[in-house]
A.B. asks: 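This structure is in structure tokens; I'll ask about it shortly.
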Protein chains: 2
Amino acid sequence: MTNELKSTEALILDAARTIFIRKGFAASRMQEIADAAGINKSLLHYYFRSKEQLFEAVFSRALENFIPRVKNIIEAELPLDQKISRFVETYIDTLLQNPYLPAFVIHELNMNPGKFAGRLKNAGLKPEIILQNIEEETGREAFLKVRPDHFMVNLLGLVIFPFIARPVVQEVLQKTDEQYKTFLMERKEQIIQFVMNAITKT
Amino acid sequence: MTNELKSTEALILDAARTIFIRKGFAASRMQEIADAAGINKSLLHYYFRSKEQLFEAVFSRALENFIPRVKNIIEAELPLDQKISRFVETYIDTLLQNPYLPAFVIHELNMNPGKFAGRLKNAGLKPEIILQNIEEETGREAFLKVRPDHFMVNLLGLVIFPFIARPVVQEVLQKTDEQYKTFLMERKEQIIQFVMNAITKT
DNA sequence: GTCTATATCGGGATAGAC
DNA sequence: GTCTATCCCGATATAGAC
């Protein structure tokens with residue numbers, strides 16, 4: 001409806017994003033993207049040269065949008081418990097807006113593992129510092145010392161898994177779409193509680 | 001090397017399994033499968049009629065192999081803590097043998113959500129019973145009462161996520177392949193500890 | 001059952017008019 | 001910049017000989 005206001009390039013990128021994220025690179029068709037953008041197939045090539053390059057543009061933007069949000073939370077000067085809460089809440093809120101994003105990114109990285117190399121550093125994410133940070137902040141005060149690498153993966157798994165594995169999980173739990181959305185929102189509180197229990201000294 | 005001993009059909013299924021799991025349905029090529037099986041392309045059609053049907057055969061077998069293992073553990077008559085330990089250990093051991101399986105299954109289900117409907121029940125998995133089971137066993141003795149649906153997802157996420165998201169996680173943690181394998185094995189102990197802390201009354 | 005040859009079609013990419 | 005027409009390859013699938 002507001003298509004007339006967007007540049008053709010933006011139109012293409014939006015359409016490509018939708019199609020690529022839903023179907024993955026291999027199953028997506030240039031024709032389908034053109035249709036979704038309301039333009040001609042050859043315009044895709046005019047703007048992006050090839051399917052690979054169009055995909056690359058979509059993929060890069062998806063990451064560039066996402067990484068800074070994570071970065072902000074992680075670098076915030078907050079005590080551990082508040083940092084965990086903010087991380088979980090912000091992450092889940094963001095994924096609720098982009099529910100298909102993690103499965104997309106992960107699948108494409110699995111298809112082409114090298115694709116990721118270097119992108120994190122380019123975006124200014126410093127894994128060493130995050131891990132060191134966790135190491136320092138656990139083991140203090142009321143918290144158990146934890147292995148920072150495992151802790152990081154635990155947190156990510158708890159948050160991201162129900163988005164990636166939605167079809168299976170929704171089937172297993174026998175929830176409607178509406179109920180599943182509620183379930184995902186509940187997880188903010190549930191994960192925070194679960195994690196805090198796990199790392200709080202008895 | 002022992003190819004001469006296997007039936008052609010088994011040869012095809014093994015090859016198709018490898019290719020489909022590594023590349024997904026859309027990116028896999030019949031020619032590639034034929035090459036991997038050491039046979040002619042048209043033999044694939046002779047045995048399985050079409051690419052979809054070959055895929056279906058592979059996918060079904062992958063699930064049929066996997067589900068019974070989970071079923072066994074879940075139905076075992078054990079106290080909660082032992083059940084959790086066995087579940088985590090067996091699940092991770094199985095995934096270490098089939099590291100690409102979860103990403104494959106999850107991606108194909110995301111592409112085609114309906115595909116899963118009914119398969120669980122056919123395989124004899126009763127989600128209601130599992131959930132009820134968790135509900136009964138937590139809240140007793142030394143354990144906190146937990147929401148069984150969230151608890152189930154927590155457990156699955158902790159176990160499966162580092163397999164699905166391996167490229168990202170390995171990059172973030174800056175581990176070599178060897179170190180990552182070690183990391184995955186360590187997770188058995190780490191997850192069990194983490195989860196037990198999380199649900200044990202203080 | 002297994003192979004070679006071929007039909008058929010879909011899809012990425014280009015040429016060229018407007 | 002945008003469209004129509006077309007090229008051309010790759011991939012699924014079939015026909016038919018052995």
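Note on naming: letters A, B, ... go to the chains in the order of the sequence lines (proteins, then strands), and numbering restarts at 1 for each one.
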A.B. asks: Between C/dA13 atom C1' and A/Gln53 atom CD, what is the distance in whole Å?
C.D. replies: 12 Å
A.B. asks: What's the CD-P distance between A/Gln31 and C/dA13, to the nearest Å?
C.D. replies: 14 Å
A.B. asks: Walking along DNA chain D from 5' to 3', note the first and the last nucleotide with an atom under 4.0 Å from a heavy atom of chain A, and give both.
C.D. replies: D/dG1 to D/dT4
A.B. asks: Using a 4.0 Å heavy-atom cut-off across all strands, classify B/Tyr46 as base, sugar-phosphate, or nothing.
C.D. replies: base
A.B. asks: Which residues pass the salt bridge (charged side-chain N to carboxylate O under 4.0 Å, His left out) test with B/Glu56, sequence neighbours left out?
C.D. replies: B/Arg119
A.B. asks: Under 4.0 Å between a side-chain nitrogen and a carboxylate oxygen: does that hold for B/Glu186 and A/Arg147?
C.D. replies: yes
A.B. asks: So which protein nitrogen or oxygen atoms get under 3.5 Å of nucleotides 4-8 of chain C's nitrogens or oxygens?
C.D. replies:
{"unit_1": "C/dT4", "atom_1": "OP2", "unit_2": "B/Asn40", "atom_2": "ND2", "d": "3.1"}
{"unit_1": "C/dT4", "atom_1": "O4", "unit_2": "B/Ser42", "atom_2": "OG", "d": "3.0"}

A.B. asks: Tell me yes or no: between the side chains of B/Gln31 and B/Asp35, is some donor less than 3.5 Å from an acceptor?
C.D. replies: yes
A.B. asks: Pick one: which of B/Glu52, B/His107, B/Met111 meets side chain to side chain contact (heavy atoms under 4.5 Å, CB included) with B/Phe25?
C.D. replies: B/Glu52
A.B. asks: Under 3.5 Å, is there a donor-acceptor pair linking the side chains of A/Asn110 and B/Arg22?
C.D. replies: no
A.B. asks: Can a donor-acceptor pair be found between the side chains of A/Glu108 and A/Asn112 at a distance below 3.5 Å?
C.D. replies: no
A.B. asks: Would you indicate, yes or no, if C/dG10 has its OP1 or OP2 atom less than 4.0 angstrom from a side-chain nitrogen or oxygen of A/Arg29?
C.D. replies: no
A.B. asks: I'd like to know if A/Glu171 pairs up with B/Lys121 as an ion pair, taking the criterion as any Lys NZ or Arg NE/NH1/NH2 lying under 4.0 Å from an Asp or Glu carboxylate oxygen.
C.D. replies: yes
A.B. asks: Run the salt-bridge test on A/Arg166 and A/Asp177 with the 4.0 Å N-O cut-off and return the result as yes or no.
C.D. replies: yes
